[in-house]
Amino acid sequence: MDNKKISILGIPFDNLTRVEFLTQLLMRMENQQKTFLVTANPEIVMYAKEDRAYFDLLLKADYIAPDGIGVVRAAKKLGTPIKERVPGFELMLGLLELSSMHKKRVYFIGAQEEVISKAVENASKIWPDLEIVGYHHGYFDHSDPEMIERVRKLEPDLILVAFGFPRQENWIHQYLKQADRGIAIGVGGSFDVLSGKAKRAPKVVQKLHVEWLYRLIKQPSRYKRMLALPAFMKEINKQQAQKRVTKHEE
Ligand code: UDP
């Protein structure tokens with residue numbers, strides 16, 4: 001299916017709502033179509049701008065979801081609005097729900113051992129019918145083909161990969177080259193949240209779109225990473241100004 005893409009600093013985002021994403025992903029699971037799903041926030045877009053190999057890798061994704069209000073605001077500023085923000089964490093929950101309903105095989109990989117085992121335990125409490133075919137922590141040599149083989153043999157329909165970017169996207173790309181099926185998605189720090197180790201901001205904070213501020217207060221070590229957001233908005237403003245000039249000249 002050809003979806004309309006919205007380019008933000010060269011990254012082609014899919015302009016779909018959360019429900020539309022999940023509907024298409026379920027169809028792809030049913031058809032056993034291999035799928036590389038990226039959820040990109042401003043930090044990822046800025047990283048890709050500096051790292052050509054990562055940029056090229058993102059262009060290979062089947063879907064890129066707009067993770068974060070920064071992306072939605074940027075799209076609006078550039079005159080190509082995106083329907084809604086689709087947080088990676090929510091896509092992950094939706095995919096788990098669908099997997100449980102449609103008896104799909106799920107594999108979890110990433111995070112520290114105690115985090116992943118707790119995340120898996122919580123997932124099976126939330127979805128008692130969920131078929132978890134296996135899990136593994138994320139601290140191994142990511143270039144080891146053995147691990148890919150181990151997961152591939154289990155034939156998961158959904159593979160959740162939480163190594164943080166760009167590691168998770170690199171691994172997914174290698175994995176899907178070998179695998180015959182599966183929706184693979186990089187979920188960053190989502191297992192930390194699912195395990196209860198890290199908390200998502202309260203609903204009201206999420207609604208106000210200041211989740212980044214909440215995280216910053218809770219985890220001051222993220223300060224440096226947060227600087228990606230103002231840098232991203234600065235870049236968008238530059239693009240917007242350029243667009244205006246070009247329009248004027250036409
Ligand atoms: N992680 C992992 N293997 C690694 C590095 C990180 O499994 O080699 C996990 C880490 O435990 C955490 C998740 O990846 O659960 C996200 O890590 P981080 O916050 O560093 O990444 P980011 O959220 O910045 O992408």
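Note that the numbering runs from 1 along the sequence shown for the chain.
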Atom of P81, atom of N15 and distance for their closest heavy-atom approach: O-ND2, 3.7 Å
All heavy atoms of I185 vs all of L158, minimum pair found to be CG2-CD1, 4.3 Å
Do side-chain atoms of E169 reach the backbone of L58 as a donor and acceptor pair under 3.5 angstrom? no
Applying side-chain contact (heavy atoms from CB on, under 4.5 Å), name anything that partners P12, two or more places apart in sequence or on another chain. K5, L59, I64
Contact check, side chains of K234 and N237, non-hydrogen atoms, under 4.5 Å: no
How long is the gap from CG on N3 to CG on L16, to the nearest 0.5 Å? 4.5 Å
Apply salt bridge (Lys or Arg N to Asp or Glu O under 4.0 Å) to E113 and list each qualifying residue two or more places apart in sequence or on a separate chain. none
So, D14 and K4, do they make that salt bridge, N to O below 4.0 Å? no
Are the side chains of R73 and M233 in touch, meaning some heavy atoms are under 4.5 Å apart? yes
Could you check if a side-chain atom of R85 sits within less than 4.5 angstrom of a side-chain atom of P66, using non-hydrogen atoms only? no
Spacing of CD1 belonging to I183 relative to CD belonging to Q33, to within rounding of 0.5 Å: 8.0 Å
Does any non-hydrogen side-chain atom of K49 lie less than 4.5 Å from one of F232? no
Check the surroundings of atom NZ in K238: do more than 12 heavy atoms from other residues, nucleotides or ligands lie under 6.0 Å from it? no
N/O donor-acceptor pair under 3.5 Å between E235 side chain and A231 backbone: no
Inter-residue atom distance L98.CG - L22.CG, 0.5 Å rounding: 5.5 Å
Is the backbone N or O of K76 less than 3.5 Å from a side-chain atom of T80, with the two atoms forming a donor-acceptor pair by type? no
When you measure from the side chain of R28 to the backbone of K34, do you find a donor-acceptor pair of N or O atoms at a distance under 3.5 Å? yes
Worked verdict on T39 versus V86 for side chain to side chain contact (heavy atoms under 4.5 Å, CB included): CA-CA 8 Å; T39 72; V86 183; over 6 Å; no
Can you find a pair of side-chain heavy atoms, one from V71 and one from P42, that are under 4.5 Å apart? yes
What distance separates K83 NZ from F21 CZ, expressed to the nearest 0.5 Å? 9.5 Å
Heavy-atom count check: over 12 atoms from other residues, nucleotides or ligands less than 6.0 Å from Q242 CD? yes
Heavy-atom pair of closest approach, residues A111 and V115: CB-CG1, 3.7 Å
Before accepting this row, confirm whether a basic side-chain N of the pair K60/D56 lies closer than 4.0 Å to the acidic partner's carboxylate O. no
So which heavy atom on G188 is nearest to which on A162, and how close? O-CB, 3.2 Å
Do K104 and E131 touch side chain to side chain, with heavy atoms closer than 4.5 Å? no
Is M92 linked to V19 within one hydrophobic cluster, defined over Ile, Leu, Val, Met, Phe, Trp and Tyr using a side-chain heavy-atom separation of less than 4.5 Å? no
List the atom pairs, donor and acceptor, that lie under 3.5 Å between side-chain atoms in residues 172-179 and the rest of the protein, sequence neighbours left out.
| residue | atom | partner | partner atom | Å |
| --- | --- | --- | --- | --- |
| Q174 | OE1 | K177 | NZ | 3.4 |

Taking H137 for the side chain and Y139 for the main chain, is one N or O donor matched with an acceptor at less than 3.5 Å? yes
Test side chain to side chain contact (heavy atoms under 4.5 Å, CB included) on W127 and L93 and set out the steps. CA-CA 10 Å; W127 299 281; L93 295 184; 3.9 Å; yes
To the closest 0.5 Å, what do you measure between CZ (F13) and OG (S7)? 9.0 Å
Residues two or more places apart in sequence or in another chain: which of them pass ring pair (Phe, Tyr, Trp, His ring centres under 6.0 Å) with F165? Y47
Looking at D67 and G88, what are the two nearest heavy atoms and their distance? OD2-N, 3.2 Å
Mark yes or no for whether K243, through its side chain, and L78, through its backbone, hold a donor-acceptor pair below 3.5 Å. yes
Pick from Q32, R181, K103: which one makes a side-chain hydrogen bond (donor to acceptor under 3.5 Å, both in side chains) with D157? R181
Residue list, ring pair (Phe, Tyr, Trp, His ring centres under 6.0 Å) with F108, at least two apart or on another chain: F191
Identify whether the distance between the nearest side-chain nitrogen and carboxylate oxygen of R150 and E146 falls below 4.0 Å. no
In terms of hydrophobic clustering (I, L, V, M, F, W, Y; side-chain heavy atoms under 4.5 Å; direct or indirect links), are W171 and L154 co-clustered? yes
Please determine whether side chain to side chain contact (heavy atoms under 4.5 Å, CB included) holds for the pair Y54 and I44, giving the CA-CA distance in whole Å, both sets of side-chain angles, and the decisive distance to 0.1 Å. CA-CA 9 Å; Y54 188 61; I44 288 186; 3.7 Å; yes
Give a yes or no on whether F89 and I126 share a hydrophobic cluster (residues Ile, Leu, Val, Met, Phe, Trp, Tyr; joining criterion: side-chain heavy atoms under 4.5 Å apart). yes
Just do the salt bridge (charged side-chain N to carboxylate O under 4.0 Å, His left out) check on K125 and E121 with the steps written out, would you? CA-CA 6 Å; K125 270 189 205 144; E121 189 186 318; 3.4 Å; yes
Minimum heavy-atom distance between I116 and G110, given as atom pair plus value: CB-O, 3.4 Å
Do Q24 and Y63 have side chains that approach each other closer than 4.5 Å (heavy atoms only, starting at C-beta)? yes
In sequence, state the C-alpha distance, the side-chain angles, and the governing distance for I82 and I8, and then conclude on side chain to side chain contact (heavy atoms under 4.5 Å, CB included). CA-CA 11 Å; I82 272 178; I8 295 174; 4.2 Å; yes
If the condition is side chain to side chain donor-acceptor pair (under 3.5 Å), which residues does N122 pass it with, not counting sequence neighbours? none
Check: L37 main-chain N/O paired with T35 side-chain donor or acceptor under 3.5 Å: no
Do F140 and I159 land in one hydrophobic cluster if side-chain heavy atoms of ILVMFWY residues count as linked below 4.5 Å? yes
Any chance you could measure E43, atom CD, to M46, atom CE, to the nearest 0.5 Å? 10.5 Å
A side-chain contact here means heavy atoms from C-beta on lying under 4.5 Å apart; do V151 and P156 qualify? yes
